[in-house]
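The structure under discussion appears below in the form of structure tokens.
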Amino acid sequence: MHSRTDIDDRCISALRFLSIDAIERAKSGHPGLPLGAAPMLYALWSRHLRFDPQHPDWPDRDRFVLSAGHGSALLYAALHLFGYDLSLADLQAFRQWGSRTPGHPERGLTPGVEVTTGPLGQGLANAVGMAIAERHLAATFNRPGCEVVGHRTFVLAGDGDLMEGISYEACALAGHLRLGRLVVLYDANDVCLAGSTSLSTSEDVELRFASAGWHVLTVRDGNDLEELDAAIGAAVDETSRPSLLIVKTVIGYGAPSKQNTFEAHGAPLGPSEVRAAKQALGWPQEPPFLVPEDVAAACLEAAARGAAARAKWVAAYAVYRAQFADLAAEFDRRHLGRLPDDWTDDLPVFPEDPTGMATRKASEAALQALAARIPELVGGAADLNPSTLTALRGAGDLQAPETSPEGVQGRVGASWGYAGRNLHFGVREHAMAAIANGLAAHGGLIPYVATFLVFSDYLRPALRIAALSGCRTVFVFTHDSIGVGEDGPTHQPVEHLMSLRLIPNLVVLRPGDANETVAAWRIALERTDGPTALVLSRQALPTFDRSLVESADEVRRGGYVLWSSSADPEILLIATGSEVSLALAAARRLCEEGHAARVVSMPSIELFQRQPAAYRETVLSSQVRARLVVEAGRTSGWGEMLAGGMALGVDRFGACGPGGEVLEHFGFSTEAVLAAARSLLASKDTT
């Protein structure tokens, strides 16, 4: 443990007032956390965190997550002081258009920011994913005497983080998995945006986390650097359990009239209060954004120690590469995000079959083939593997080795300890998705998660963050329509498919048969700049004879002409998923009646809209005004493609009954589609 010095106090003050000056200049921001939490962040970064600012993507760096993302000004101040490529000019542009210092941290925008945070609880759950990734990669790549993975994940979280349900979902799993390299510093100032936390909570956080298997310590004075240092050191030494440090702080510390009140949380202090705070804490009034030379030098000493740690790792990795060349090549490939050269070699090709199979079943076959070739593919479901068919056979359950007694098995076989690739999230959809984002952000792994489409509601905030931050996460949603049947309207998604399509940077794929499903998986894994949602059926769908219809490879275009009776069709039938076979059957009947019909399979509206205008015109000819969309979901959202046509969909909640009967009652049969097409043709003939 280090003893406190005057330079430590000056560094802490610099962190505080770089943050406050940035907020004042922006006339927007959250000063309470930076003033209260600066000592704990300084203790961590100067004495414990292992980082190299010149190499922010070093694979074995410690990860730091500011889960309380509203305190971003403090993180940016730390990144600047500790040598990252973030200038004073960047701090002065805090919260401004085009700056690298946005109001909440954004992954990929600011060097040193590991994940996008702000929606409370997301960052903490991301960190659990990062800690899982570290343990899995360590179990996969480390060899006796040659350990190339051995870092920690640190989190700064606030009262609001711990109020969110996602935090306890994620932390319960972290305790179960005994993630001893995960340390959470809890900024316990007992004040939230609207007032004291006592207005809404009185739980004993220490007992709650202890009961979940965490190591819990309390720091009574968040300004006591020695106490903070000792507590962080004790957490680092505890390797059998994750650690929670309850750090008692004062929100807005040093601002005389606002400290310890909700007024310090989410608005600038104002010029007079800033002057008073600087006077109270002994900091010069001018100039703003002051970084004294001794402060800069002291912080850069910590950066130099991090650079030395990285250099030591690089040397050790060279020895590792010499002894384990194949493992090193695999380690490098994974961290570059490149798929193996042979990753598509075993993908199934399904023959024509009128009975066919559920696309969830086709997905299972594709997933098994992919997992055999792509060892970094890991994932699981929210207690629904037997239904979503997403367990990796022969890949083991990821469990803490200490809690995996011989004979305890899941559905996919015995535990492989941390080397297992099947994650069991329990009934925790929200945390599952955010943990997967953490796995993706960590690097070296490609995560997938699964649940029923109707329960995408439970994880939507994390899905949105995945899209916003470009996480390479695959979301598998099965039981995709009212075809779910007997479980009734509570389990029958209606609005979900269209609502997912509204999320920017999310690619949604609803394949129409087994071979389209395989193509959808290929698209999902090739995509590196954002998440993909695969929307799959419970019920069996016919497998098309690809010698009579277009190749499933065209799924990559999002939409394509599956079948056409003429180069100049009278009507376009546009369908997705389970309704494609209905559209095809109806189109062939129309052809027998003398009508020229074209069937367009549209598994992904997003991918189709990215195609050149000339291609889109070849699929959806602007000369054809008779257009019928067939999809078992809400019809709103199809307007642009309808072009005055009509949509056969579901604009009410579903109903209980056998799946086939429910679909037929709602108008999803060949006869119903044919009748709608005839009606549309007749109306176009008369206009």
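Position 1 is the first residue of the sequence; numbering continues from there.
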Under 3.5 Å, sequence neighbours excluded: what are the donor-acceptor pairs made by side chains of residues 75-85?
from	atom 1	to	atom 2	distance (Å)
Tyr76	OH	Pro102	O	2.8
His80	ND1	Leu86	O	2.7

Do you know which two heavy atoms are closest between Arg107 and Glu114, and how far apart they sit?
-> CD-O, 3.3 Å
Would Val378 and His136 count as a side-chain contact (heavy atoms from CB on, under 4.5 Å) if you check the C-alpha gap in whole Å, the side-chain angles of each, and the deciding distance to 0.1 Å?
-> CA-CA 10 Å; Val378 300; His136 177 77; 4.0 Å; yes
Under 30°, 30 to 60°, or over 60°: which ring-plane class applies to Trp45 and Phe64, parallel, tilted or perpendicular?
-> perpendicular
Verify the neighbour count for atom CZ of Arg100: are there more than 12 heavy atoms of other residues, nucleotides or ligands below 6.0 Å?
-> yes
What distance do Thr473 atom OG1 and Ile465 atom CD1 have between them, rounded to the nearest 0.5 Å?
-> 11.5 Å
Assess whether side-chain contact (heavy atoms from CB on, under 4.5 Å) is satisfied between Lys278 and Ile20, documenting all intermediate values.
-> CA-CA 10 Å; Lys278 288 182 176 180; Ile20 297 310; 5.8 Å; no
Looking at the rings of His265 and His30, which for Trp means the six-membered one, are their centres under 6.0 Å apart?
-> yes
Mark yes when over 12 heavy atoms from residues, nucleotides or ligands other than Asp341 sit less than 6.0 Å from its CG; otherwise mark no.
-> no
Any donor-acceptor pair under 3.5 Å linking the side chain of Asp8 with the backbone of Thr5?
-> yes
Less than 4.5 Å apart, any side-chain heavy atom of Glu330 and any of Glu376?
-> yes
Using atom types as modelled and distance alone, determine if a side-chain donor or acceptor of Asp62 lies under 3.5 Å from a backbone N or O of Leu49.
-> no
Does the side chain of Asn189 come under 3.5 Å of the side chain of Tyr253 through a donor N or O and an acceptor N or O?
-> no
Within a strict 4.5 Å, meaning less than it, do heavy atoms of the Val184 and Leu245 side chains meet?
-> no
Mind checking whether Cys171 and Trp214 have side chains closer than 4.5 Å, heavy atoms only?
-> yes
Quick one: do His430 and Glu164 satisfy side chain to side chain donor-acceptor pair (under 3.5 Å)? Show the steps, please.
-> CA-CA 11 Å; His430 195 182; Glu164 290 285 359; over 6 Å; no
Kindly say whether Asp326 contributes a backbone atom to a donor-acceptor pair with the side chain of Arg321 at under 3.5 angstrom?
-> no
Under a 4.5 Å cut-off applied to non-hydrogen side-chain atoms, are Leu137 and Arg334 in contact?
-> yes
Applied to residues 218-238, the ring-ring contact (aromatic ring centres under 6.0 Å, His included) test, sequence neighbours excluded, yields none
Student check: side-chain heavy atoms of Gln259 and Ile251 closer than 4.5 Å | no
Measure across Pro288 and Asp21 and return the closest heavy-atom pair with its distance rounded to 0.1 Å.
-> CA-OD2, 3.4 Å
Would you mind telling me which of Thr218, Val205, Val247 makes a side-chain contact (heavy atoms from CB on, under 4.5 Å) with Tyr186?
-> Val205
Point-to-point distance, once rounded to the nearest 0.5 Å, from CG of Leu182 to CG of Leu177 | 10.5 Å
Between Asp529 and Gly470, is there a donor-acceptor pair closer than 3.5 Å when you use the side chain of the first and the backbone of the second?
-> no
Is there side-chain contact between Arg310 and Pro59, with heavy atoms separated by less than 4.5 Å?
-> no
Closest approach of Ala231 and Leu217, non-hydrogen atoms and distance?
-> O-CD1, 3.7 Å
Can you name the closest pair of heavy atoms from Ala436 and Val449 and give their distance?
-> CB-CG1, 3.6 Å
So CG of Asp187 and OG1 of Thr249: to nearest 0.5 Å the spacing works out to 3.5 Å
Inspect the surroundings of CD in Gln285 and state if more than 12 heavy atoms from other residues, nucleotides or ligands are less than 6.0 Å away.
-> yes
Parallel, tilted or perpendicular: which fits the ring planes of Phe331 and His335, with parallel below 30° and perpendicular above 60°?
-> tilted
Mind checking whether Asp229 and His48 have side chains closer than 4.5 Å, heavy atoms only?
-> yes
Please answer whether the main-chain N or O of Ala431 pairs with a side-chain N or O of Glu169 as donor and acceptor at a distance below 3.5 Å.
-> yes
Is the side chain of Ser87 donor-acceptor paired with the backbone N or O of Ala89 at a distance under 3.5 Å, no angle test?
-> yes
How would you list, by chain and number, every residue that makes a side chain to side chain donor-acceptor pair (under 3.5 Å) with Asp161, sequence neighbours excluded?
-> Ser67
Can you tell me how far CD1 of Ile12 sits from CG of Asn223, rounded to the nearest 0.5 angstrom?
-> 7.5 Å
Between the side chains of Asp9 and Tyr42, is a donor N or O closer than 3.5 angstrom to an acceptor N or O?
-> no
Run the numbers on Asp294 and Arg10 for salt bridge (Lys or Arg N to Asp or Glu O under 4.0 Å), then give the verdict.
-> CA-CA 9 Å; Asp294 58 344; Arg10 287 168 59 74; 2.9 Å; yes
Distance from Glu24 atom CD to Phe289 atom CZ, nearest 0.5 Å?
-> 9.5 Å
Kindly determine whether Asp221 and Glu227 satisfy side-chain contact (heavy atoms from CB on, under 4.5 Å), including the steps that lead there.
-> CA-CA 8 Å; Asp221 180 1; Glu227 190 180 3; 4.0 Å; yes
For Pro531 and Asn505 the tightest heavy-atom approach is CD-O, 3.6 Å
Got a donor-acceptor contact below 3.5 angstrom from the Thr101 side chain to the Leu91 backbone?
-> no
At what distance, to the nearest 0.5 angstrom, does CE of Met432 lie from CD1 of Ile166?
-> 11.0 Å
Does atom CZ of Arg338 have more than 12 heavy-atom neighbours, drawn from other residues, nucleotides or ligands, at distances under 6.0 Å?
-> no
Output yes when a side-chain donor or acceptor of Arg16 lies under 3.5 Å from a complementary backbone atom of Ser19, and no otherwise.
-> no
Verify, without hydrogens or angle tests, whether Arg152 (side chain) and Val236 (backbone) share a donor-acceptor contact under 3.5 angstrom.
-> yes
Take Leu15 and Leu74 through the test side-chain contact (heavy atoms from CB on, under 4.5 Å) and record every step on the way to the result.
-> CA-CA 6 Å; Leu15 284 169; Leu74 177 61; 4.0 Å; yes
Hey, is the main chain of Ala434 close enough, under 3.5 Å, to the side chain of Asn437 for a donor-acceptor pair?
-> no
Would you call Tyr320 and Phe141 a side-chain contact if the rule is heavy atoms closer than 4.5 Å?
-> yes
Taking the six-membered ring for Trp, is the centroid-to-centroid distance between His442 and His151 below 6.0 Å?
-> yes
Please check if the distance between the ring centroids of Phe209 and Tyr168 is under 6.0 Å.
-> yes
Arg95 and Ser28: side chain donor to acceptor below 3.5 Å = yes
For Arg63 and Trp58, the nearest pair of non-hydrogen atoms, with its separation, is NH1-O, 4.2 Å
